[in-house]
Novice: 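Would you mind keeping the following structure in view while I ask a few things?
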Amino acid sequence: MVVSEPRPKRETTSSEPQTTFTVSESGTDNPGTLHRRLLGPSIQKSGQDGVDQATVSEIIYQATQGSKYFEHQKRKEKDLTKKVESIVQQAKKVSHQDLEAAEVRIETLIRQHEATRDLTQTIVHVDCDAFYASVEELDHPELKSKPFAVGKGVLCTCNYEARKFGVRSAMAEFVAKKICPELVVLRLNFPKYIEKSNAIRKILFEYDPNHCAMTLDEAYLNITEYCAKVNKDREEVVSDMRRRILETTGVTVSAGIGPNSRVAKIASNINKPNGQFVIANDREAVMEFMCNLPVRKVTGVGYVLERQLLALNVNVCGDIYRKSALLYQLFTDTTITFLLNCYLGLGSTEVKPIDQYERKSVGCERTFRAISDVAQMKQKLQQIAEDLEKDCKRLNLAGRKLGLKLKRTTFEQISRQRPMPKPINSASDIYRYGLLMLEKELPITVRLIGLRLTDLVDLSHEGPMKTFLKGQRRQNYRLDDEAITSINFHAAFPESFEDSTNIHDDEEMGELNMMIQGSQEEVSSVIDDFRSSSKAIAARDITNAEEQQDSTANHSMQLSERDTLQLSTDSGETSSGVVACPICGNQVSADDQALNRHVDWCLSRAAIREAVKETF
DNA sequence: GCGGATCAC
DNA sequence: TATGGTGATCCGC
């Protein structure tokens, strides 16, 4: 049924008074937007309602003024203001004919997107409220009524008492203390958060065995089947689930319910904390929900894109349609497609475990007191190379490309990338090539050095089938622009944090950096037996990777092989059943790829638990 | 393909 | 005194 829905009227004029932003003269500083930039990305998060943002913003401004960081932000804000002004100028030049042509194209795009709409699934986004703070409160009940935060140097998160003062995640500790002098700041305790997260996930498994845990505090579920099975209303199901999580773990969670991941994610923020919001699986309901939603609430619209959209009088998602013809002339196809999907409230309806996504890079970076001495830089580089090697070995990966990242004392970043003669993952190789790249940038003064491997080679699967399998997985798990990104399984031990720089994490802003030092050996002996397809699991060199290079040479054969074999796996593999993971005991698909991904992931968790046991 | 930027968390 | 780390993607050249 194709019913033409009432839509907001589209404007076909581009010359319209710009009221949203008072633009200062070109190239000069714009104090208003700089204040806003310095406030950070989490102003629009929950718990900031009663806060006097103007006062807070002024304190931040005064506290940070004059620092290198401040100057950097000021430069960036100036550049952005210029860019925004340039877009406004371009907008004025768009002709009526251009707009009419764009309209036709837009209608086609909308029809195409509309055809993909799937309202048959119930997707839930679960988000723990101030997760780290919430976990800490369980151990320190006396803190409940006091403003406190978790972090070191920079805050990871804070409780709602602290938010009343304007304290927020990603805020520098010294700034937060100025805003709220009585603020208590706790150090991070990752093992505790991991344990709690696992307890929560244990419940999530019952509602969706294929749920996708994005981070420790956030997950997507598809509860369509569960609702049908228990014959219960989706809201009731989610409400029960949240209650159970609270009863068994003591942590409150918020949830968003909707027909796809995009709207579910947005919805989970609406009644935060400890609430839920549902969007009916109904086209009108979705459209209405999106229509009045500020564009900044959409995942993927950050500070920069918001500034550009606001300058074009696009404030809410409904404005995207009203201004679509103009936007079409000003933004790239990718951005237009993304924005139209936002307006239509379309998104992914596929939820699958995170261990089924293919990693594309692995890296390590560190901030320290500014140095210009080469010997000191070499030392940092060596440490980073060693840490990167550990991650590579743990993940059984090597990279064909090495990237070097530097940050000047001015906060300006430099990145260099180079293909390697062979896939590398040893600290000695990483260091050697990294140093060669670094030397080209000398002399330089830096506050950060980072190394990253890309074009990864999976060493878990040896032999001639390896490339084929890799290709197949890529095909099967290919994602569209609704893709859920950021797939990480890293966690960090506080003990492994070096120097006194602000290494921290954030359940809202960051993720866990898992540096498994010991205890992997014993676990991997169990795994060795389990992984039938991997004979030489602990690849200490990369001879096999070089072997694989040879196999990729025969490209055409590889392709035809893949096409043929994929058909057979599609029909046969899924019915071959599930097995129990030897580590977590959960049911896992017997599919070799999925299995190994899962084991890699579980292994990390197991290693952490071992390490925790040792610590205590 | 590279380097810079943006975004999420 | 003073502002993180990991990973993904897009864009312009």
Novice: Give the rounded distance in Å between these two atoms: NZ of A/K83 and C1' of C/dC11.
Specialist: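 The distance from NZ of A/K83 to C1' of C/dC11 comes to 9 Å, rounded to the nearest Å.
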Novice: To the nearest angstrom, how far is A/E412 atom CD from B/dG3 atom C1'?
Specialist: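 My rounded result for the distance is 12 Å.
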Novice: Which listed nucleotide (C/dG4, B/dC9, B/dC7) is nearest to the side chain of A/K265?
Specialist: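 From the listed options, B/dC9 comes nearest.
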Novice: Identify which nucleotide among C/dG5, B/dC2, C/dC11 has an atom closest to any side-chain atom of A/Q417, counting heavy atoms from C-beta outward.
Specialist: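 The closest nucleotide is B/dC2.
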Novice: Less than 4.5 Å apart, side chain to side chain, heavy atoms only: is that true for A/I444 and A/R408?
Specialist: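 Touching, per the 4.5 Å side-chain cut-off.
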Novice: Could you tell me whether A/D333 atom CG has more than 12 heavy atoms of other residues or ligands within 6.0 Å of it?
Specialist: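 Count not over threshold, so no.
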Novice: Ignoring the backbone of A/T334, work out which of B/dG1, C/dG4, C/dC10 is nearest its side chain.
Specialist: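 The closest nucleotide is C/dC10.
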Novice: Could you tell me whether the phosphate oxygens of C/dA8, OP1 or OP2, come under 4.0 Å of any side-chain nitrogen or oxygen in A/R359?
Specialist: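 So the side-chain polar atoms of A/R359 never come under 4.0 Å of the phosphate oxygens OP1 or OP2 of C/dA8.
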Novice: With sequence neighbours left out, what residues match A/F70 under ring pair (Phe, Tyr, Trp, His ring centres under 6.0 Å)?
Specialist: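 A/F70 satisfies ring pair (Phe, Tyr, Trp, His ring centres under 6.0 Å) with A/Y61 only.
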Novice: Once side chain to side chain donor-acceptor pair (under 3.5 Å) is applied, do any residues pair with A/R418, and if so which ones, sequence neighbours excluded?
Specialist: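 Residues passing side chain to side chain donor-acceptor pair (under 3.5 Å) with A/R418: none at all.
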Novice: Pick the C1' atom in C/dG4 and in B/dC7, then give their distance to the nearest Å.
Specialist: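 The same atom, C1', in both gives a distance of 15 Å.
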Novice: Within a reach of under 6.0 Å around CD of A/Q379, are more than 12 heavy atoms found that belong to other residues, nucleotides or ligands?
Specialist: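 Check fails, neighbour count at 12 or below.
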Novice: Describe the nucleic acid contact of A/Y303 in one word from base, sugar-phosphate, nothing, applying a heavy-atom distance below 4.0 Å.
Specialist: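 The answer is sugar-phosphate, as A/Y303 gets under 4.0 Å only of primed atoms, P, OP1 or OP2.
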Novice: Whole angstroms only, please: what is the CZ-P distance between A/R447 and C/dT1?
Specialist: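 About 16 Å, once rounded to whole Å.
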Novice: Starting the side chain at C-beta, find the nucleotide from C/dT3, B/dC2, B/dC7 nearest to A/K401.
Specialist: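 Nearest nucleotide to the side chain: B/dC2.
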Novice: Please name the residue in the list A/E218, A/H125, A/Q276 that meets the side-chain hydrogen bond (donor to acceptor under 3.5 Å, both in side chains) test with A/S268.
Specialist: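 Among A/E218, A/H125, A/Q276, the one that satisfies the side-chain hydrogen bond (donor to acceptor under 3.5 Å, both in side chains) with A/S268 is A/H125.
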Novice: Rounded to the nearest Å, what distance is computed from the CD1 atom of residue A/I354 to the P atom of nucleotide C/dG7?
Specialist: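 To the nearest whole Å, that distance equals 12 Å.
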Novice: Phosphate oxygens OP1/OP2 of C/dT9: is one of them under 4.0 Å from a side-chain N or O of A/K360?
Specialist: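 For C/dT9, OP1/OP2 do have a side-chain N/O of A/K360 under 4.0 Å.
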Novice: Which listed nucleotide (B/dT6, C/dA8, C/dG5) is nearest to the side chain of A/S361?
Specialist: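 The listed nucleotide nearest to A/S361's side chain is C/dA8.
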Novice: Taking 4.0 Å as the cut-off, does a side-chain nitrogen or oxygen of A/R452 come that near to OP1 or OP2 on C/dG7?
Specialist: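 Result: yes.
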Novice: Phosphate oxygens OP1/OP2 of C/dA2: is one of them under 4.0 Å from a side-chain N or O of A/K178?
Specialist: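 Answer is no, no contact under 4.0 Å.
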Novice: Strictly below 4.0 Å: does A/T215 bring a side-chain N or O up to OP1 or OP2 of B/dC9?
Specialist: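 Answer is no, no contact under 4.0 Å.
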Novice: For the side chain of A/T299, counting heavy atoms from C-beta on, which of C/dT3, B/dC7, B/dA8 is nearest?
Specialist: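 Of the candidates, B/dA8 comes closest.
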Novice: Could you state the atom-to-atom distance from CD1 of A/I60 to C1' of C/dT3 in whole Å?
Specialist: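 Going from A/I60 (CD1) to C/dT3 (C1'), I get 12 Å.
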Novice: Could you pick out which residue, A/K405 or A/T332, lies toward the 5' side of DNA chain C when each is mapped onto its nearest nucleotide?
Specialist: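 By nearest-heavy-atom nucleotide position, the 5'-most residue is A/K405.
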Novice: Of the nucleotides B/dG3, B/dG1, B/dC9, which one has an atom closest to the side chain of A/E218?
Specialist: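 In terms of side-chain proximity for A/E218, the closest of B/dG3, B/dG1, B/dC9 is B/dC9.
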Novice: Expressed in angstrom and rounded to an integer, what is the separation of A/L80 atom CG from C/dC11 atom C1'?
Specialist: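 In whole Å, C/dC11 C1' and A/L80 CG are 16 Å from each other.
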Novice: Does OP1 or OP2 of C/dT1 have a side-chain N or O of A/S67 closer than 4.0 Å?
Specialist: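 No, no such contact exists.
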Novice: Considering only NZ, NE, NH1 and NH2 on the basic side and carboxylate oxygens on the acidic side, decide whether A/R75 and A/E71 come within less than 4.0 Å.
Specialist: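 Salt bridge: no.
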Novice: Quick one: A/L216 CG to B/dA8 C1', roughly how many Å, whole number?
Specialist: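 In whole Å, B/dA8 C1' lies 15 Å from A/L216 CG.
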Novice: What is the nucleic acid contact for A/K76, judged by heavy atoms within less than 4.0 Å: base, sugar-phosphate only, or nothing?
Specialist: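 Sugar-phosphate contact only.
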Novice: Nearest to the side chain of A/R296, which nucleotide is it out of C/dT6, B/dG4, B/dA8?
Specialist: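 Selected nucleotide (nearest to the side chain): B/dA8.
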Novice: How close or far is atom P of B/dA5 from atom CZ of A/F411, stated in whole angstroms?
Specialist: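 About 15 Å, once rounded to whole Å.
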Novice: Should A/R418 be listed as having a side-chain N or O under 4.0 Å from OP1 or OP2 of B/dG1?
Specialist: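 No.
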Novice: Nearest of C/dG4, B/dA8, B/dC9 to any side-chain atom of A/D217?
Specialist: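 Comparing C/dG4, B/dA8, B/dC9 against the side chain of A/D217, the answer is B/dC9.
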Novice: Name the closest nucleotide to the A/E365 side chain, picking from C/dT3, C/dG5, B/dT6.
Specialist: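 Between C/dT3, C/dG5, B/dT6, the one nearest the side chain of A/E365 would be C/dG5.
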